[in-house]
Amino acid sequence: MNETIQNLGEGIDLISITEPKFKTCSLVMMLLVPAEPAQNSARALVQSLLAGSCRKYPDNAAMSVKLDNMYGASLDSSVTVNGGVMQLLMSGSVIADRYALHGEQLFSELTDLMLDCLFDPNVRDNVFVDSEYSIERQELLDTISSEINNKRSYALMQARKTAFCGEPDAYPVYGTKEDVEKLTPASVYETYRELLRRAVIRVYYVGPEPQPELAKRMADAFGQLADREPETLHYELPSPCKEVPAEVTEPMDVTQSQLVLVFKGKGIDRDTFQLLSALYGGTPFSMLFMNVRERLSLCYYCSSFVVPGRGSMIVSSGVSFANAGRAKEAILEQLAVLQRGDFPEELLQNAQHSIVNCLRSIGDTPFSCINESYGRFYTGDDADVETRAARCLALTKDDIVAAAKTLHLDTVYLMQQEGGQA
Amino acid sequence: MNRNSEIIRSEQTGSECLHVRHESGLDIYIMEMEGYHSSFALFGTKYGSINTRFRLKGEENYAEVPEGIAHFLEHKLFENEDCDAFEQYARTGANANAYTSFDRTAYLFGCSENFIPSLEILLSFVQQPYFTQENVDKEQGIIAQEIRMNDDEPGWRVFFNMLKAMYHNHPVRIDIAGTVESIRKIDADLLYRCYNTFYNLHNMVLSVAGNVKADEVLAVCDRLLRHCEDQGLEQLYAEEPDTIVQSYTEVQLPVGTPLFNLGFKLRPRSGRELLRAELTAATVFEVLFGPSSEFYNTMLREGMLNSEFDIDTPFTGDGFFALSCGGESRQPELVRDRILAVLEKAKAEGFDRDSFERIKRVHYGSMIRSCNNVEANASMMLNAYMSGLRPFASVEVLSEICYEDAWQFLREEVDTRKHVLSVVRNSGGAAQ
């Protein structure tokens with residue numbers, strides 16, 4: 001795998017990753033701006049409008065036919081918040097030209113299409129065309145109203161609202177129905193212009209061979225942006241821990257309760273936090289899995305993950321309401337075990353193996369290449385996979401115990417079966 | 001050790017794999033993927049939730065076992081007398097899991113190092129059952145919570161309700177994990193009975209892809225696979241009428257926009273005939289209802305659908321074949337009526353030939369894409385075995401499908417009277 005970085009202008013980089021084994025070419029245009037919750041709905045709408053149509057392919061039908069003709073090329077958009085940064089992604093993928101049955105230049109077509117989407121959107125008189133705007137607006141409203149459908153992710157979102165109250169993560173990434181209703185085609189167009197002006201932009205290419213023309217085409221396209229003022233990004237946004245943990249219970253017409261616990265720590269570095277979580281609840285041999293699920297049979301899943309940039313770790317579990325109290329106690333007890341260092345050295349080594357195994361799988365899919373490269377950018381840590389693996393293997397039980405001791409319970413969220421009794 | 005082996009190649013994708021019929025009775029597929037760091041292995045059996053009535057050669061009566069037992073067995077097989085398989089995998093760093101579907105169970109792991117020790121764990125624990133009443137009782141609570149989790153999942157419910165309304169007797173109408181009541185009937189003896197019936201290597205496959213060497217894989221197989229006699233397994237399914245149970249079913253749960261699934265019951269089939277039917281049906285449905293279709297874009301503009309609308313992969317297996325699509329809509333009945341009208345028109349008048357060729361290209365692109373992925377390649381080989389096909393058959397059959405055959409399929413096989421609309425509406429537990 002070969003990676004090159006070329007600067008295309010102020011705050012704009014092209015990262016080209018060549019990996020001969022791949023049979024597809026992927027192109028990702030990433031706009032990075034400070035997370036500003038009041039802008040979430042407008043930004044989400046911009047992303048879906050840009051990927052949904054452009055002046056040349058002015059509606060979903062035309063765009064879909066174009067993608068179909070490119071052997072089912074994909075063109076997707078997404079918005080996520082990562083620490084103090086909102087990441088707006090437009091990503092496309094197409095089979096490599098050598099697999100085209102009639103000699104089509106598919107990657108070149110994909111590049112043109114994505115540049116059209118970003119720079120020549122479906123706009124008339126400086127507002128998004130109303131017909132497509134209405135469709136995407138309704139789409140966003142439906143997405144917001146359907147957040148309840150997946151009870152596990154809904155419970156996590158509700159827990160984050162309390163845990164990170166007043167901080168960017170507390171706010172739904174798509175905003176709220178009220179936010180969407182305040183938007184207009186003109187205001188969303190303004191948001192689009194603002195994004196092009198303020199965003200740090202990273203363009204990623206991953207494919208089987210170099211694309212020597214790509215840098216020039218990107219430089220020409222991004223060179224149009226005259227009034228660039230890219231923002232300074234702050235990914236790390238540690239969240240203060242509440243002195244008294246907040247407890248939230250929400251009744252719901254469900255058969256299974258959702259239990260979420262948010263813990264916050266201090267000064268835990270990325271490698272240590274990742275290993276700590278793998279050991280505690282991130283693997284099928286972890287302390288939570290072996291105790292809360294296997295030993296006590298309280299749940300089907302009980303797992304932990306780290307919230308990047310927030311110094312926080314979240315545990316989520318689906319339990320019967322009658323057992324929610326026992327599950328919470330067991331989760332806290334396992335944290336206490338971790339803090340006392342009362343776990344076998346072998347468990348630590350197993351968690352290290354698990355992480356090293358994952359690290360060494362990076363590079364086997366185009367998006368793992370992009371995620372790894374982007375991870376180096378946003379953490380400011382240039383360490384390659386092998387260096388990170390070595391750092392993980394060098395961590396000791398004392399390191400984990402010291403980090404675990406900084407973790408404190410911040411929030412408990414419980415989705416309660418209606419009619420369930422405490 | 002004697003082996004029947006052959007290299008199977010795909011001209012279209014440039015991929016190839018080795019197929020070995022091992023002396024033990026096991027079929028083994030290995031794809032060495034140059035340049036990849038990771039590897040993926042699947043050890044699967046043709047045993048899923050629908051295999052509840054069976055007998056072996058020489059047995060007079062068919063045994064009938066509780067619903068959900070295949071899935072229960074999958075959970076319990078990870079436990080052996082000394083320790084849990086997950087604990088063993090923990091020492092190699094492999095990422096292990098398993099799944100049970102309607103007609104198969106597969107144990108799997110992915111890793112970027114220690115592949116051979118992980119493969120040894122996989123082949124060992126799957127061949128060493130250890131069931132006790134104590135460990136069976138312990139699992140009841142865990143699986144009950146898995147069932148409850150699915151009960152709260154509207155996408156799961158809307159699909160299974162559709163199957164219940166479509167199939168009168170076929171066990172595909174029952175949840176893969178069974179019910180909280182049915183799993184209470186499971187005991188250690190029943191698990192052994194099912195294990196000894198279905199976990200015979202003649203009924204199983206090993207599929208491996210990625211950073212592997214065929215010789216090393218086969219050496220482990222030679223060492224660890226236990227020779228099995230073919231037991232002459234026979235299965236019995238309750239007779240399934242050629243009709244649906246009811247055309248509409250609804251349940252209320254906390255959801256945003258109502259969810260729906262619209263399904264059509266088709267004549268079941270098998271082997272290459274099934275593959276051809278699956279690819280034909282998927283292509284025709286994509287032409288008529290996919291994102292580039294007139295139907296989809298009209299419904300989008302009218303606000304009757306959103307981008308959650310999707311055409312499901314044809315739902316097929318031993319004795320069942322359904323085509324379905326679904327998503328979110330404020331007026332699912334109206335969407336159903338429009339879909340039925342589009343189908344009737346296409347049956348009578350045909351459909352756009354260029355669109356048909358375009359969608360065939362989309363499917364071809366999708367097959368090429370999946371070649372990028374270690375896990376997808378291992379799954380492709382396992383799925384081919386389960387369907388009685390050779391790897392890469394999909395890409396071959398796709399190139400053979402023509403417009404005339406597709407139109408004929410639509411006219412003769414898709415009966416719009418055999419449709420089921422399943423809806424999940426908001427119970428009021430969620431804000432609109």
Side-chain angles (χ1 to χ4, degrees), chain A residues 19-24 59-61 64-65 68-73 93-95 99 101 131 135 138-139 142 144-151 252-256 283-285 289 293-294 297-301 318-320 346-347 350 353-354 356-361 363-366 418, chain B residues 33-38 84 86-87 89-96 110-113 138-139 141-143 145-146 148-149 151-152 154-155 253-257 259 290-292 297 300-301 303 306-308 328 358-359 361-366 368-369 371-374 427-430 432:
Chain A
E19 175 52 79
K21 70 191 175 203
F22 291 142
K23 299 185 177 190
T24 57
D59 56 27
N60 177 75
S64 298
V65 169
D68 285 356
N69 279 327
M70 294 163 66
Y71 297 81
S93 172
V94 71
I95 58 172
Y99 294 104
L101 298 171
S131 54
I135 290 172
Q138 186 57 51
E139 187 82 30
D142 287 350
I144 291 168
S145 82
S146 296
E147 280 166 345
I148 189 88
N149 291 9
N150 184 323
K151 303 301 176 289
M252 185 81 70
D253 176 16
V254 289
T255 61
Q256 182 184 63
T283 57
F285 55 84
F289 188 92
R293 173 179 148 137
E294 292 295 306
S297 301
L298 291 177
C299 56
Y300 173 60
Y301 65 87
V319 294
S320 74
E346 191 188 7
L347 191 59
N350 292 344
H353 278 310
S354 174
V356 169
N357 230 311
C358 290
L359 284 170
R360 290 184 176 146
S361 297
D364 278 358
T365 62
E418 275 180 352
Chain B
M33 294 173 66
E34 199 180 333
Y36 282 80
H37 307 289
S38 55
D84 191 283
F86 283 123
E87 289 177 49
Y89 278 126
R91 291 179 201 123
T92 67
N95 186 11
C111 65
S112 57
E113 53 188 22
K138 191 202 79 173
E139 205 68 21
I142 296 170
I143 294 180
Q145 284 309 315
E146 188 177 359
R148 296 284 186 228
M149 177 182 76
D151 285 345
D152 286 337
L253 294 170
V255 294
T257 312
L259 276 73
S292 53
N297 287 286
L300 205 61
R301 288 202 179 284
N306 60 31
S307 66
E308 289 295 307
E328 297 178 355
R358 193 177 69 235
I359 299 300
R361 249 193 330 267
V362 171
H363 288 314
Y364 167 76
S366 163
I368 296 288
R369 262 166 218 281
C371 296
N372 257 357
N373 191 297
V374 169
S427 61
Q432 279 292 280

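In the text below, chain A, chain B and the rest are named by the order of the sequence lines, each starting its count at 1.
Taking every heavy atom of both residues into account, A:Lys21 and B:His37 meet most closely at NZ-CD2, 4.1 Å. When all heavy atoms are compared, the tightest approach of B:Val255 to A:Asn149 is CA-OD1, 3.2 Å. The two atoms that bring A:Glu139 and B:Glu308 nearest to each other are OE2-N, 4.3 Å, heavy atoms only. The two residues B:Arg301 and A:Ser131 come nearest to each other via the heavy atoms NH1-CB, 3.8 Å. Between B:Pro254 and A:Met252, the shortest heavy-atom contact is CB-SD, 4.0 Å. Of all the heavy atoms in A:Asn60 and B:Asn297, the pair that sits closest is ND2-OD1, 2.7 Å.
Without hydrogens or angle criteria, A:Ser354 side chain to B:Gly93 main chain gives no donor-acceptor distance under 3.5 Å. Between the side chain of B:Asp152 and the backbone N or O of A:Val254, no donor-acceptor pair lies under 3.5 Å. Judged purely by atom type and a 3.5 angstrom limit, A:Asp364 has no side-chain atom pairing as donor or acceptor with the backbone of B:Tyr36. Within the 3.5 Å criterion, the main-chain N or O of A:Gly72 finds a donor-acceptor partner in the side chain of B:Arg369.
Look at B:Arg358 and A:Asp68 and you find a salt bridge, because one of the NZ, NE, NH1 or NH2 atoms lies within 4.0 Å of a carboxylate O, short of that distance.
For the set A:Glu19, A:Glu147, A:Arg293, A:Gln138, the entry with the most heavy-atom pairs within less than 4.5 Å of chain B is A:Arg293. Between chain A and the options B:Ala90, B:Gly35, B:Gly155, B:Ser38, heavy-atom pairs under 4.5 Å are most frequent for B:Ala90. Comparing B:Leu259, B:Thr92, B:Leu300 by how many heavy-atom pairs each has under 4.5 Å with chain A, the most go to B:Leu300. The residue among A:Glu346, A:His353, A:Gln256, A:Met70 with the most heavy atom pairs within less than 4.5 Å of chain B is A:Gln256. If you tally non-hydrogen atom pairs under 4.5 Å between each of A:Leu101, A:Asn150, A:Thr283 and chain B, the highest count goes to A:Leu101. For the options A:Thr255, A:Val65, A:Val94, A:Asp59, heavy-atom pairs under 4.5 Å to chain B are most numerous at A:Thr255. When the candidates A:Pro20, A:Ser93, A:Gly363 are compared by the number of heavy-atom contacts under 4.5 Å with chain B, A:Ser93 comes out ahead. Ranking B:Pro291, B:Ser366, B:Ala96 against chain A, the residue ahead of the rest is B:Pro291, based on heavy-atom pairs under 4.5 Å. Between chain A and the residues B:Gly303, B:Gly110, B:Ser292, the most heavy-atom pairs under 4.5 angstrom are made by B:Ser292.
With a threshold of 4.5 angstrom between heavy atoms, B:Glu146 approaches chain A through its backbone and through its side chain. Heavy-atom distances place both the backbone and the side chain of A:Val356 under 4.5 Å from chain B. Using a 4.5 Å cut-off between heavy atoms, A:Lys151 contacts chain B through its side chain alone, with no backbone atom that close. For B:Ile143, no part lies under 4.5 angstrom from a heavy atom of chain A. Only the backbone of A:Leu298 comes within contact range of chain B, judged by heavy atoms closer than 4.5 Å. Of the two parts of A:Pro366, only the side chain, counted from C-beta on, holds a non-hydrogen atom closer than 4.5 Å to a non-hydrogen atom of chain B.
Between the side chains of B:Gln145 and A:Tyr300, no donor N or O sits under 3.5 Å from an acceptor N or O. Side-chain contact, B:Glu139 with A:Ser297: no donor N or O sits under 3.5 Å from an acceptor N or O. Side chain to side chain, B:Arg148 and A:Ser320 fail the donor-acceptor criterion of an N or O pair below 3.5 Å. Looking at B:Arg361 and A:Asn69, their side chains do bring a donor and an acceptor atom within 3.5 Å of each other.
Counting only heavy atoms from C-beta outward, the side chains of B:Asn372 and A:Thr365 never approach each other to under 4.5 Å. At least one side-chain heavy atom of A:Arg360 sits under 4.5 Å from a side-chain heavy atom of B:Glu113. Between B:Ile142 and A:Glu294, some side-chain heavy-atom pair lies under the 4.5 Å cut-off. B:Tyr364 places a side-chain heavy atom less than 4.5 Å from the side chain of A:Ile95.
To the nearest 0.5 Å, the span separating OH on A:Tyr99 from SG on B:Cys371 amounts to 7.0 Å. Taken from OG in B:Ser427 to CG in A:Asp253, the straight-line distance is 4.0 Å, to the nearest 0.5 Å.
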Problem - Chi angles and distances behind the side-chain contact (heavy atoms from CB on, under 4.5 Å) call for A:Asp142, B:Glu328 - result: CA-CA 9 Å; A:Asp142 287 350; B:Glu328 297 178 355; 4.1 Å; yes
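In summary, the aromatic rings of B:Phe86 and A:Phe289 are positioned with their centroids under 6.0 Å apart.
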